[in-house]
Amino acid sequence: MKIVHAASELFPYMKTGGLADAVGALTGTFAQLGHEVSVFLPGYRGALAHPLAAKAERKFRLKVEMGDQYLSGDVYSFSPSKNLTVFLIVRDEFYDRKYPYGNGERDYEDNSDRFIFFCKAVVETMRLADLGADIVHAHDWQTALLPLLLREAERRFGVTLGMKTVFTIHNIAFQGLFSAACYPRTNLPDELFSMDGLEYYGQVNFMKAGILFADRVTTVSPRYAKEIQTPEFGCGLEGVVQTRIDDLSGLINGVDSAVWNPASDKLIPARYTASDLAGKRACKAELLKVCGFDPAFQGPIFGMICRLTEQKGIDLVLANADFFTGKMCRFVILGAGEKRMEDALKKIALSYPDKVFVCPKHDETMSHLIESGSDFFVMPSLFEPCGLNQMYSQVYGTVPIVSRVGGLFDTVRDADEDPVNGTGVMCAPNALELRGALERALRLYDDKARYGAVQQRGMARDFSWKTAALAYETLYRDAL
Ligand code: ADP
(Lines give C-alpha, C1' and ligand atoms only; values in the text may rest on other atoms or scores of the structure.)
Protein backbone atom coordinates (compact mmCIF):
# COMPACT_ATOMS: atom_id res chain seq x y z
CA MET A 1 0.00 0.00 0.00
CA LYS A 2 0.98 3.63 -0.44
CA ILE A 3 0.50 5.18 2.98
CA VAL A 4 0.75 8.85 3.91
CA HIS A 5 0.95 10.00 7.52
CA ALA A 6 0.82 13.59 8.75
CA ALA A 7 1.59 14.60 12.32
CA SER A 8 2.94 17.46 14.38
CA GLU A 9 5.52 15.21 16.06
CA LEU A 10 7.73 12.43 14.76
CA PHE A 11 10.45 10.63 16.68
CA PRO A 12 13.42 11.34 16.46
CA TYR A 13 12.91 14.75 14.82
CA MET A 14 10.43 16.36 17.19
CA LYS A 15 8.97 14.93 20.36
CA THR A 16 7.03 16.22 23.32
CA GLY A 17 5.20 12.99 24.13
CA GLY A 18 3.82 9.66 23.02
CA LEU A 19 2.50 10.99 19.70
CA ALA A 20 6.06 11.26 18.37
CA ASP A 21 6.93 7.72 19.45
CA ALA A 22 3.75 6.28 18.01
CA VAL A 23 4.00 7.95 14.60
CA GLY A 24 7.74 7.26 14.35
CA ALA A 25 7.37 3.58 15.19
CA LEU A 26 4.21 2.97 13.20
CA THR A 27 5.56 4.50 10.00
CA GLY A 28 8.92 2.77 10.44
CA THR A 29 7.21 -0.59 10.92
CA PHE A 30 5.00 -0.10 7.86
CA ALA A 31 8.10 0.65 5.79
CA GLN A 32 9.76 -2.51 7.10
CA LEU A 33 6.65 -4.49 6.18
CA GLY A 34 7.18 -3.33 2.58
CA HIS A 35 4.65 -0.53 2.30
CA GLU A 36 5.60 2.71 0.59
CA VAL A 37 5.38 5.27 3.39
CA SER A 38 5.49 9.08 3.33
CA VAL A 39 5.41 11.08 6.55
CA PHE A 40 4.75 14.82 6.76
CA LEU A 41 6.10 16.94 9.61
CA PRO A 42 6.38 20.73 10.00
CA GLY A 43 9.93 21.86 9.28
CA TYR A 44 10.73 22.82 12.86
CA ARG A 45 14.18 24.19 13.62
CA GLY A 46 15.17 21.01 15.48
CA ALA A 47 13.85 18.72 12.74
CA LEU A 48 15.83 20.49 10.00
CA ALA A 49 18.95 20.40 12.17
CA HIS A 50 18.64 16.69 12.96
CA PRO A 51 21.59 14.68 11.55
CA LEU A 52 19.25 12.30 9.71
CA ALA A 53 17.75 15.31 7.91
CA ALA A 54 21.17 16.49 6.73
CA LYS A 55 20.50 15.00 3.29
CA ALA A 56 17.11 16.72 2.97
CA GLU A 57 16.67 18.42 -0.38
CA ARG A 58 14.24 21.07 -1.45
CA LYS A 59 11.75 19.34 -3.73
CA PHE A 60 8.90 21.80 -4.21
CA ARG A 61 7.92 25.41 -3.73
CA LEU A 62 4.40 25.86 -2.46
CA LYS A 63 1.81 28.56 -2.71
CA VAL A 64 -0.86 27.85 -0.15
CA GLU A 65 -4.24 29.56 -0.19
CA MET A 66 -5.04 30.98 3.23
CA GLY A 67 -8.25 33.01 3.04
CA ASP A 68 -7.67 35.72 0.46
CA GLN A 69 -3.89 35.43 0.66
CA TYR A 70 -1.36 33.02 -0.77
CA LEU A 71 1.50 32.05 1.53
CA SER A 72 4.65 30.45 0.23
CA GLY A 73 6.48 27.46 1.63
CA ASP A 74 9.09 24.90 0.72
CA VAL A 75 8.98 21.15 0.84
CA TYR A 76 12.16 19.33 1.80
CA SER A 77 12.34 15.58 1.75
CA PHE A 78 14.75 12.79 2.60
CA SER A 79 14.65 9.08 3.04
CA PRO A 80 15.95 7.87 6.43
CA SER A 81 15.40 4.21 5.52
CA LYS A 82 14.08 1.95 2.79
CA ASN A 83 10.46 2.60 1.74
CA LEU A 84 10.24 5.67 4.00
CA THR A 85 10.23 9.33 2.91
CA VAL A 86 9.98 12.21 5.36
CA PHE A 87 8.56 15.47 3.99
CA LEU A 88 9.28 18.63 5.96
CA ILE A 89 6.98 21.57 5.29
CA VAL A 90 9.19 24.61 5.67
CA ARG A 91 7.98 28.10 6.35
CA ASP A 92 10.31 29.81 8.81
CA GLU A 93 7.70 32.32 9.98
CA PHE A 94 5.66 29.38 11.31
CA TYR A 95 8.07 26.61 12.21
CA ASP A 96 11.54 28.02 12.80
CA ARG A 97 10.97 27.78 16.53
CA LYS A 98 12.39 25.68 19.32
CA TYR A 99 9.06 24.26 20.54
CA PRO A 100 6.19 22.92 18.45
CA TYR A 101 3.14 24.42 20.16
CA GLY A 102 4.15 27.20 22.55
CA ASN A 103 6.96 28.74 24.53
CA GLY A 104 6.30 26.75 27.71
CA GLU A 105 4.14 29.42 29.34
CA ARG A 106 1.49 29.71 26.63
CA ASP A 107 0.55 28.41 23.22
CA TYR A 108 1.68 30.37 20.16
CA GLU A 109 -0.98 32.81 19.06
CA ASP A 110 -0.73 31.79 15.41
CA ASN A 111 -1.27 28.05 16.00
CA SER A 112 -4.46 27.99 13.93
CA ASP A 113 -2.64 29.49 10.95
CA ARG A 114 0.39 27.24 11.50
CA PHE A 115 -1.62 24.04 11.34
CA ILE A 116 -4.15 25.12 8.70
CA PHE A 117 -1.13 25.95 6.55
CA PHE A 118 0.49 22.61 7.36
CA CYS A 119 -2.61 20.57 6.41
CA LYS A 120 -3.04 22.50 3.17
CA ALA A 121 0.64 22.12 2.37
CA VAL A 122 0.30 18.35 2.78
CA VAL A 123 -2.60 18.26 0.29
CA GLU A 124 -0.66 20.39 -2.17
CA THR A 125 2.54 18.34 -1.85
CA MET A 126 0.60 15.10 -2.36
CA ARG A 127 -0.57 16.55 -5.67
CA LEU A 128 2.83 17.93 -6.74
CA ALA A 129 4.64 14.72 -5.81
CA ASP A 130 1.88 12.62 -7.34
CA LEU A 131 1.91 10.41 -4.26
CA GLY A 132 -1.15 8.41 -5.32
CA ALA A 133 -1.84 7.37 -1.75
CA ASP A 134 -4.18 4.55 -0.78
CA ILE A 135 -4.41 5.72 2.81
CA VAL A 136 -3.93 9.15 4.36
CA HIS A 137 -3.59 8.93 8.12
CA ALA A 138 -3.84 12.09 10.23
CA HIS A 139 -3.02 12.35 13.95
CA ASP A 140 -4.57 14.60 16.59
CA TRP A 141 -6.02 18.10 16.15
CA GLN A 142 -2.99 19.56 14.38
CA THR A 143 -3.70 17.48 11.27
CA ALA A 144 -7.42 16.87 11.82
CA LEU A 145 -8.43 19.12 8.92
CA LEU A 146 -6.61 16.91 6.44
CA PRO A 147 -9.40 14.36 5.69
CA LEU A 148 -11.87 17.20 5.11
CA LEU A 149 -9.45 19.24 2.99
CA LEU A 150 -8.87 16.19 0.77
CA ARG A 151 -12.59 15.67 0.40
CA GLU A 152 -13.00 19.37 -0.44
CA ALA A 153 -10.19 19.19 -3.00
CA GLU A 154 -12.09 16.37 -4.73
CA ARG A 155 -15.25 18.47 -4.78
CA ARG A 156 -13.55 21.67 -5.94
CA PHE A 157 -11.57 20.09 -8.73
CA GLY A 158 -14.14 17.44 -9.69
CA VAL A 159 -11.70 14.58 -9.20
CA THR A 160 -11.87 11.30 -7.31
CA LEU A 161 -8.69 10.68 -5.42
CA GLY A 162 -9.65 7.13 -4.42
CA MET A 163 -7.84 7.22 -1.11
CA LYS A 164 -9.31 6.51 2.30
CA THR A 165 -8.62 8.67 5.33
CA VAL A 166 -7.95 7.63 8.91
CA PHE A 167 -7.91 9.97 11.89
CA THR A 168 -6.32 8.92 15.17
CA ILE A 169 -7.16 10.57 18.48
CA HIS A 170 -4.08 10.38 20.68
CA ASN A 171 -5.59 12.68 23.29
CA ILE A 172 -9.08 14.14 23.10
CA ALA A 173 -8.23 16.73 25.76
CA PHE A 174 -6.38 18.75 23.13
CA GLN A 175 -8.86 19.72 20.43
CA GLY A 176 -7.45 22.75 18.62
CA LEU A 177 -10.13 25.20 19.67
CA PHE A 178 -9.81 28.63 18.05
CA SER A 179 -11.80 31.81 17.55
CA ALA A 180 -14.25 31.79 14.64
CA ALA A 181 -12.07 34.49 13.07
CA CYS A 182 -9.70 31.76 11.84
CA TYR A 183 -12.38 29.93 9.87
CA PRO A 184 -12.01 31.92 6.60
CA ARG A 185 -8.32 30.90 6.57
CA THR A 186 -9.45 27.32 5.91
CA ASN A 187 -11.28 28.34 2.67
CA LEU A 188 -13.87 25.71 3.58
CA PRO A 189 -17.52 26.34 2.65
CA ASP A 190 -19.49 28.52 5.08
CA GLU A 191 -22.04 25.78 5.66
CA LEU A 192 -19.38 23.63 7.31
CA PHE A 193 -19.07 26.19 10.07
CA SER A 194 -22.11 24.69 11.78
CA MET A 195 -23.05 22.20 14.48
CA ASP A 196 -22.65 19.35 11.97
CA GLY A 197 -19.27 20.70 10.96
CA LEU A 198 -16.37 22.45 12.65
CA GLU A 199 -18.32 24.82 14.86
CA TYR A 200 -18.21 24.21 18.60
CA TYR A 201 -20.11 26.73 20.71
CA GLY A 202 -19.17 29.60 18.41
CA GLN A 203 -15.55 28.54 18.01
CA VAL A 204 -13.71 26.41 15.48
CA ASN A 205 -12.83 22.91 16.71
CA PHE A 206 -10.21 21.21 14.54
CA MET A 207 -10.48 17.79 16.18
CA LYS A 208 -14.19 17.70 15.46
CA ALA A 209 -13.37 17.85 11.74
CA GLY A 210 -11.15 14.79 12.02
CA ILE A 211 -13.77 12.79 13.91
CA LEU A 212 -16.60 13.74 11.57
CA PHE A 213 -14.95 13.56 8.17
CA ALA A 214 -12.31 10.80 8.23
CA ASP A 215 -13.40 7.46 6.78
CA ARG A 216 -12.17 5.70 9.90
CA VAL A 217 -11.52 7.03 13.38
CA THR A 218 -9.18 5.29 15.77
CA THR A 219 -7.83 5.92 19.19
CA VAL A 220 -4.95 4.35 21.01
CA SER A 221 -6.56 1.76 23.28
CA PRO A 222 -9.84 -0.18 23.37
CA ARG A 223 -10.66 1.18 26.81
CA TYR A 224 -10.11 4.83 25.75
CA ALA A 225 -12.32 4.22 22.69
CA LYS A 226 -15.12 3.44 25.14
CA GLU A 227 -14.23 6.20 27.60
CA ILE A 228 -14.33 9.02 25.03
CA GLN A 229 -17.99 8.22 24.38
CA THR A 230 -18.76 9.35 27.95
CA PRO A 231 -18.99 12.87 29.43
CA GLU A 232 -16.33 11.96 32.01
CA PHE A 233 -13.59 11.45 29.40
CA GLY A 234 -15.01 12.87 26.14
CA CYS A 235 -14.07 16.49 26.97
CA GLY A 236 -17.27 17.75 25.36
CA LEU A 237 -16.82 15.75 22.14
CA GLU A 238 -18.50 12.55 23.43
CA GLY A 239 -21.62 13.28 21.37
CA VAL A 240 -19.53 13.73 18.22
CA VAL A 241 -17.61 10.52 18.93
CA GLN A 242 -20.90 8.65 19.41
CA THR A 243 -21.93 9.54 15.85
CA ARG A 244 -18.93 7.50 14.60
CA ILE A 245 -19.07 4.38 16.79
CA ASP A 246 -19.50 2.13 13.76
CA ASP A 247 -16.21 3.42 12.35
CA LEU A 248 -14.34 3.79 15.63
CA SER A 249 -11.71 1.40 16.95
CA GLY A 250 -9.14 1.39 19.72
CA LEU A 251 -5.71 0.05 18.71
CA ILE A 252 -3.06 -0.07 21.36
CA ASN A 253 0.36 1.46 20.62
CA GLY A 254 3.45 -0.69 20.80
CA VAL A 255 6.98 -0.40 22.09
CA ASP A 256 9.70 0.52 19.61
CA SER A 257 12.19 -2.20 20.44
CA ALA A 258 14.95 -0.42 18.51
CA VAL A 259 14.74 2.33 21.15
CA TRP A 260 13.29 0.60 24.22
CA ASN A 261 14.98 -2.75 24.82
CA PRO A 262 17.17 -3.35 27.90
CA ALA A 263 19.19 -5.98 26.01
CA SER A 264 20.43 -3.47 23.43
CA ASP A 265 19.78 -0.01 24.93
CA LYS A 266 22.91 2.12 24.40
CA LEU A 267 21.62 4.89 26.67
CA ILE A 268 21.80 2.82 29.86
CA PRO A 269 25.00 2.02 31.77
CA ALA A 270 24.59 -1.78 31.47
CA ARG A 271 22.38 -4.01 29.39
CA TYR A 272 20.33 -6.89 30.73
CA THR A 273 17.74 -9.55 30.02
CA ALA A 274 15.08 -11.35 32.05
CA SER A 275 17.45 -14.26 32.66
CA ASP A 276 20.35 -12.07 33.81
CA LEU A 277 19.40 -8.98 35.80
CA ALA A 278 22.94 -8.03 36.83
CA GLY A 279 22.78 -5.12 34.36
CA LYS A 280 19.61 -3.86 35.99
CA ARG A 281 21.37 -3.75 39.34
CA ALA A 282 24.16 -1.72 37.72
CA CYS A 283 21.55 0.67 36.30
CA LYS A 284 20.03 1.05 39.78
CA ALA A 285 23.46 1.82 41.24
CA GLU A 286 24.01 4.48 38.58
CA LEU A 287 20.56 5.97 39.17
CA LEU A 288 21.25 6.22 42.92
CA LYS A 289 24.50 7.98 42.09
CA VAL A 290 23.00 10.42 39.55
CA CYS A 291 20.26 11.35 42.03
CA GLY A 292 22.81 11.89 44.81
CA PHE A 293 21.23 9.16 46.98
CA ASP A 294 23.12 6.85 49.35
CA PRO A 295 24.83 4.31 47.02
CA ALA A 296 24.32 1.55 49.64
CA PHE A 297 20.52 2.00 49.71
CA GLN A 298 18.79 -1.40 49.48
CA GLY A 299 15.09 -0.47 49.31
CA PRO A 300 12.97 0.25 46.23
CA ILE A 301 13.30 3.22 43.90
CA PHE A 302 10.03 4.60 42.60
CA GLY A 303 10.52 6.33 39.23
CA MET A 304 8.26 8.61 37.27
CA ILE A 305 8.61 10.25 33.83
CA CYS A 306 5.95 12.49 32.38
CA ARG A 307 4.75 15.88 31.28
CA LEU A 308 4.00 17.82 34.47
CA THR A 309 0.30 18.28 33.99
CA GLU A 310 -2.91 17.42 35.81
CA GLN A 311 -3.56 14.45 33.49
CA LYS A 312 -0.54 12.58 34.80
CA GLY A 313 -1.73 12.55 38.41
CA ILE A 314 1.03 14.79 39.76
CA ASP A 315 -1.40 16.14 42.35
CA LEU A 316 -2.02 12.60 43.61
CA VAL A 317 1.72 12.15 43.98
CA LEU A 318 2.05 15.48 45.80
CA ALA A 319 -0.76 14.44 48.15
CA ASN A 320 1.31 11.33 48.94
CA ALA A 321 4.60 13.18 49.39
CA ASP A 322 4.86 11.90 52.98
CA PHE A 323 4.96 8.33 51.64
CA PHE A 324 8.06 9.05 49.58
CA THR A 325 9.75 11.06 52.31
CA GLY A 326 8.70 8.83 55.22
CA LYS A 327 9.12 5.25 54.02
CA MET A 328 12.20 3.23 53.21
CA CYS A 329 12.18 4.15 49.55
CA ARG A 330 13.54 6.68 47.07
CA PHE A 331 11.61 8.70 44.52
CA VAL A 332 12.89 10.20 41.28
CA ILE A 333 10.78 12.17 38.83
CA LEU A 334 11.75 13.44 35.38
CA GLY A 335 9.33 15.91 33.91
CA ALA A 336 8.80 19.33 32.45
CA GLY A 337 5.57 21.27 32.33
CA GLU A 338 3.43 23.30 34.68
CA LYS A 339 5.40 25.56 36.96
CA ARG A 340 3.12 25.05 39.97
CA MET A 341 3.82 21.32 39.93
CA GLU A 342 7.50 21.76 39.21
CA ASP A 343 7.85 24.17 42.16
CA ALA A 344 5.95 21.88 44.52
CA LEU A 345 8.11 18.90 43.56
CA LYS A 346 11.33 20.91 43.83
CA LYS A 347 10.33 22.08 47.29
CA ILE A 348 10.03 18.46 48.47
CA ALA A 349 13.35 17.54 46.87
CA LEU A 350 14.99 20.51 48.56
CA SER A 351 13.74 19.41 51.99
CA TYR A 352 14.55 15.73 51.41
CA PRO A 353 17.53 15.64 49.05
CA ASP A 354 18.50 12.20 50.36
CA LYS A 355 15.10 10.73 49.36
CA VAL A 356 13.59 12.67 46.49
CA PHE A 357 15.20 13.79 43.23
CA VAL A 358 13.50 16.04 40.69
CA CYS A 359 14.82 16.49 37.17
CA PRO A 360 12.68 19.28 35.68
CA LYS A 361 13.51 18.98 31.99
CA HIS A 362 13.17 16.81 28.92
CA ASP A 363 16.05 14.35 28.96
CA GLU A 364 16.03 11.24 26.79
CA THR A 365 19.07 9.62 28.49
CA MET A 366 17.70 10.21 31.97
CA SER A 367 14.37 8.68 30.93
CA HIS A 368 16.14 5.45 29.95
CA LEU A 369 18.12 5.46 33.21
CA ILE A 370 14.93 5.81 35.26
CA GLU A 371 13.15 3.07 33.33
CA SER A 372 16.08 0.70 33.82
CA GLY A 373 17.25 1.66 37.32
CA SER A 374 13.91 1.92 39.15
CA ASP A 375 12.07 -0.91 40.87
CA PHE A 376 8.62 0.60 40.41
CA PHE A 377 7.23 3.06 37.86
CA VAL A 378 4.53 5.42 39.13
CA MET A 379 1.82 6.40 36.62
CA PRO A 380 -1.39 7.42 38.41
CA SER A 381 -2.92 9.26 35.41
CA LEU A 382 -6.42 10.71 35.74
CA PHE A 383 -6.93 9.64 32.13
CA GLU A 384 -4.49 7.97 29.75
CA PRO A 385 -5.37 7.35 26.09
CA CYS A 386 -2.66 4.68 25.76
CA GLY A 387 0.43 5.53 27.76
CA LEU A 388 3.83 4.21 26.81
CA ASN A 389 5.89 4.23 29.98
CA GLN A 390 3.83 1.49 31.66
CA MET A 391 4.75 -0.74 28.70
CA TYR A 392 8.42 0.35 28.69
CA SER A 393 8.47 -0.35 32.43
CA GLN A 394 7.24 -3.93 32.03
CA VAL A 395 9.84 -4.55 29.31
CA TYR A 396 12.56 -3.10 31.60
CA GLY A 397 11.52 -5.20 34.61
CA THR A 398 10.26 -2.13 36.47
CA VAL A 399 6.89 -2.93 38.01
CA PRO A 400 4.30 -0.29 37.04
CA ILE A 401 1.87 1.26 39.54
CA VAL A 402 -0.97 2.61 37.41
CA SER A 403 -4.51 3.87 37.61
CA ARG A 404 -7.28 1.83 36.02
CA VAL A 405 -7.94 4.09 33.05
CA GLY A 406 -7.53 3.97 29.27
CA GLY A 407 -4.50 2.15 27.94
CA LEU A 408 -3.19 1.54 31.47
CA PHE A 409 -6.27 -0.60 32.11
CA ASP A 410 -5.62 -2.48 28.88
CA THR A 411 -1.90 -3.17 29.33
CA VAL A 412 -1.35 -3.89 33.05
CA ARG A 413 -2.86 -6.49 35.37
CA ASP A 414 -2.92 -6.18 39.12
CA ALA A 415 -0.66 -8.71 40.83
CA ASP A 416 -2.82 -9.03 43.96
CA GLU A 417 -6.05 -9.54 42.03
CA ASP A 418 -4.47 -11.83 39.48
CA PRO A 419 -1.54 -13.60 41.17
CA VAL A 420 -1.01 -15.82 38.12
CA ASN A 421 -0.82 -13.15 35.39
CA GLY A 422 -0.36 -9.86 37.27
CA THR A 423 2.40 -7.55 36.07
CA GLY A 424 1.75 -4.44 38.16
CA VAL A 425 -0.18 -2.65 40.86
CA MET A 426 -3.43 -0.87 39.98
CA CYS A 427 -5.64 1.69 41.68
CA ALA A 428 -8.44 4.15 41.04
CA PRO A 429 -7.17 7.61 40.05
CA ASN A 430 -7.36 9.29 43.45
CA ALA A 431 -4.83 10.08 46.18
CA LEU A 432 -6.19 7.63 48.73
CA GLU A 433 -6.22 4.68 46.34
CA LEU A 434 -2.74 5.60 45.14
CA ARG A 435 -1.57 5.45 48.74
CA GLY A 436 -2.98 1.94 49.02
CA ALA A 437 -1.23 0.94 45.81
CA LEU A 438 2.10 2.35 47.00
CA GLU A 439 1.79 0.45 50.29
CA ARG A 440 1.00 -2.74 48.37
CA ALA A 441 4.04 -2.11 46.19
CA LEU A 442 6.26 -1.94 49.28
CA ARG A 443 4.87 -5.26 50.50
CA LEU A 444 5.42 -6.76 47.06
CA TYR A 445 9.04 -5.58 47.07
CA ASP A 446 9.63 -7.19 50.49
CA ASP A 447 8.47 -10.54 49.12
CA LYS A 448 11.40 -11.11 46.79
CA ALA A 449 10.03 -14.26 45.16
CA ARG A 450 6.69 -12.66 44.36
CA TYR A 451 8.29 -9.40 43.16
CA GLY A 452 10.62 -11.41 40.91
CA ALA A 453 7.72 -13.34 39.41
CA VAL A 454 5.75 -10.16 38.68
CA GLN A 455 8.86 -8.61 37.13
CA GLN A 456 9.52 -11.68 34.96
CA ARG A 457 5.94 -11.75 33.67
CA GLY A 458 6.21 -8.09 32.67
CA MET A 459 9.50 -8.70 30.85
CA ALA A 460 7.97 -11.63 28.96
CA ARG A 461 5.14 -9.54 27.53
CA ASP A 462 5.08 -8.79 23.83
CA PHE A 463 4.29 -5.16 23.10
CA SER A 464 5.85 -5.17 19.65
CA TRP A 465 4.86 -2.55 17.11
CA LYS A 466 4.53 -5.27 14.56
CA THR A 467 1.35 -6.47 16.28
CA ALA A 468 0.05 -2.88 16.38
CA ALA A 469 1.02 -2.19 12.75
CA LEU A 470 -0.74 -5.37 11.59
CA ALA A 471 -3.92 -4.22 13.33
CA TYR A 472 -3.71 -0.88 11.48
CA GLU A 473 -2.97 -2.71 8.23
CA THR A 474 -6.17 -4.74 8.66
CA LEU A 475 -8.09 -1.53 9.36
CA TYR A 476 -6.63 0.13 6.22
CA ARG A 477 -7.58 -2.84 4.03
CA ASP A 478 -11.02 -2.88 5.53
CA ALA A 479 -11.46 0.84 4.78
CA LEU A 480 -10.25 0.38 1.20
P1 ADP B 1 1.95 11.55 26.67
O2 ADP B 1 1.95 11.34 25.20
O3 ADP B 1 0.58 11.86 27.24
O4 ADP B 1 2.95 12.56 27.12
P5 ADP B 1 2.92 8.80 26.86
O6 ADP B 1 3.14 7.91 28.04
O7 ADP B 1 2.09 8.26 25.77
O8 ADP B 1 2.35 10.18 27.40
O9 ADP B 1 4.32 9.16 26.22
C10 ADP B 1 5.25 9.95 26.87
C11 ADP B 1 6.59 9.78 26.20
O12 ADP B 1 7.38 10.94 26.44
C13 ADP B 1 7.37 8.62 26.74
O14 ADP B 1 8.24 8.12 25.75
C15 ADP B 1 8.17 9.27 27.87
O16 ADP B 1 9.31 8.54 28.20
C17 ADP B 1 8.51 10.59 27.24
N18 ADP B 1 8.74 11.69 28.18
C19 ADP B 1 7.82 12.38 28.90
N20 ADP B 1 8.41 13.33 29.64
C21 ADP B 1 9.74 13.22 29.39
C22 ADP B 1 10.90 13.92 29.87
N23 ADP B 1 10.81 14.92 30.74
N24 ADP B 1 12.11 13.54 29.40
C25 ADP B 1 12.22 12.53 28.51
N26 ADP B 1 11.17 11.84 28.02
C27 ADP B 1 9.95 12.18 28.46
Side-chain angles (χ1 to χ4, degrees), residues 7-26 46 99-101 104 139-142 168-174 219-221 223-224 233 235 250-262 265 267-268 287 290 303-314 317 332-338 341-342 345-346 357-374 377-396 398 400-403 405-412 429 463 465 468:
S8 58
E9 298 185 27
L10 175 68
F11 186 82
Y13 311 100
M14 172 53 79
K15 167 170 168 173
T16 71
L19 172 68
D21 290 2
V23 182
L26 187 57
Y99 302 108
Y101 315 124
H139 300 267
D140 272 351
W141 73 262
Q142 295 87 351
T168 296
I169 301 167
H170 293 261
N171 193 338
I172 206 164
F174 301 104
T219 186
V220 285
S221 68
R223 179 78 171 189
Y224 194 60
F233 294 98
C235 301
L251 307 180
I252 207 97
N253 287 330
V255 171
D256 187 347
S257 56
V259 184
W260 292 101
N261 178 359
D265 191 337
L267 294 178
I268 58 178
L287 182 59
V290 167
M304 192 164 176
I305 305 162
C306 61
R307 293 178 290 115
L308 297 185
T309 176
E310 208 184 333
Q311 175 195 341
K312 301 294 178 182
I314 306 293
V317 169
V332 47
I333 177 163
L334 167 68
E338 287 176 35
M341 297 179 185
E342 190 178 314
L345 288 164
K346 277 188 190 155
F357 184 75
V358 178
C359 190
K361 57 180 180 181
H362 192 97
D363 185 335
E364 211 60 35
T365 307
M366 185 67 179
S367 74
H368 285 247
L369 183 62
I370 292 177
E371 279 295 1
S372 58
S374 302
F377 191 86
V378 186
M379 201 164 175
S381 308
L382 304 188
F383 66 94
E384 194 59 76
C386 178
L388 292 169
N389 286 102
Q390 83 282 10
M391 293 192 273
Y392 301 160
S393 299
Q394 288 173 76
V395 171
Y396 277 71
T398 302
I401 300 168
V402 303
S403 45
V405 293
L408 303 176
F409 178 92
D410 288 326
T411 54
V412 179
F463 291 116
W465 260 107

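Each ligand, and each atom within it, is numbered from 1 in the order the structure gives. Keep in mind that this is a model prediction, so the values were computed, not measured.
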Audit row: S403, E384, side chain to side chain donor-acceptor pair (under 3.5 Å) steps and yes/no: CA-CA 9 Å; S403 45; E384 194 59 76; over 6 Å; no

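- What sits closest to atom 2 (O) of ligand 1 on the protein, heavy atoms only, is G18 N, 2.6 Å.
- Counting all heavy atoms, side chain and backbone alike, G303 lies closest to S374 at CA-OG, 3.5 Å.
- Ligand 1 is never approached by H170 to a heavy-atom distance shorter than 4.0 Å.
- The protein heavy-atom contact nearest to atom 16 (O) of ligand 1 is N389 ND2, 3.2 Å.
- Ligand 1 has K361 within reach: a non-hydrogen atom of the residue lies less than 4.0 Å from it.
- Between R307 and E338, none of the side-chain N atoms (NZ, or NE/NH1/NH2) sits under 4.0 Å from a carboxylate O, so this pair counts as no salt bridge.
- With respect to atom 20 (N) of ligand 1, the closest heavy atom belonging to the protein is C306 C, 3.6 Å.
- Close approach of ligand 1 to G335 is summarised as follows: ligand atoms under 4.0 Å from at least one heavy atom of the residue are 23 (N).
- Here the side chain of Q394 pairs a donor or acceptor atom with the backbone of T411 at under 3.5 angstrom.
- Distances from atom 6 (O) of ligand 1 to the heavy atoms of I370, L19, L388 show the closest one on L388.
- A donor-acceptor pair under 3.5 Å links the side-chain atoms of N171 to the main chain of A173, judged by distance alone.
- Remark: ligand 1 and D21 share an N or O pair separated by less than 3.5 Å (distance only, no angle test).
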Show me, pair by pair, the donor-acceptor contacts under 3.5 angstrom made by side chains of residues 18-25, not counting sequence neighbours?
from : atom 1 : to   : atom 2 : distance (Å)
D21  : OD1    : K15  : NZ     : 3.0
D21  : OD2    : K15  : NZ     : 3.0
D21  : OD2    : Y392 : OH     : 2.8

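- Note on ring orientation: taking the six-membered ring where Trp is involved, the planes of W260 and Y396 are perpendicular (angle over 60°, cut-offs 30° and 60°).
- Nearest protein neighbour of atom 8 (O) of ligand 1, counting heavy atoms only, is K312 NZ, 3.0 Å.
- Of the protein's non-hydrogen atoms, K15 CE, 3.5 Å is the one closest to atom 12 (O) of ligand 1.
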side-chain contact (heavy atoms from CB on, under 4.5 Å) between I333 and I314, worked out: CA-CA 10 Å; I333 177 163; I314 306 293; 4.2 Å; yes

L308/L345 under side-chain contact (heavy atoms from CB on, under 4.5 Å): CA gap, chis, key distance, verdict: CA-CA 10 Å; L308 297 185; L345 288 164; 4.0 Å; yes

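- At a heavy-atom distance under 4.0 Å, no atom of C386 approaches ligand 1.
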Pair V402-F377, side-chain contact (heavy atoms from CB on, under 4.5 Å): steps then yes or no: CA-CA 8 Å; V402 303; F377 191 86; over 6 Å; no

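- With hydrogens and angles disregarded, a donor-acceptor distance shorter than 3.5 Å links the side chain of S221 to the backbone of P385.
- For atom 4 (O) of ligand 1, the closest heavy atom belonging to the protein is R307 NE, 2.8 Å.
- On a distance-only criterion, W260 and ligand 1 share no N/O pair closer than 3.5 Å.
- For atom 22 (C) of ligand 1, the closest heavy atom belonging to the protein is H362 ND1, 3.6 Å.
- Taking every non-hydrogen atom of I305 and a distance limit under 4.0 Å, the qualifying atoms of ligand 1 come out as 16 (O), 18 (N), 19 (C), 20 (N), 21 (C), 27 (C).
- Between M379 and ligand 1, a contact under 3.5 Å exists for no N or O pair.
- The atoms of ligand 1 that sit less than 4.0 Å from any heavy atom of Y392 are 14 (O).
- Shortest contact from atom 24 (N) of ligand 1 to any protein heavy atom: D363 N, 3.0 Å.
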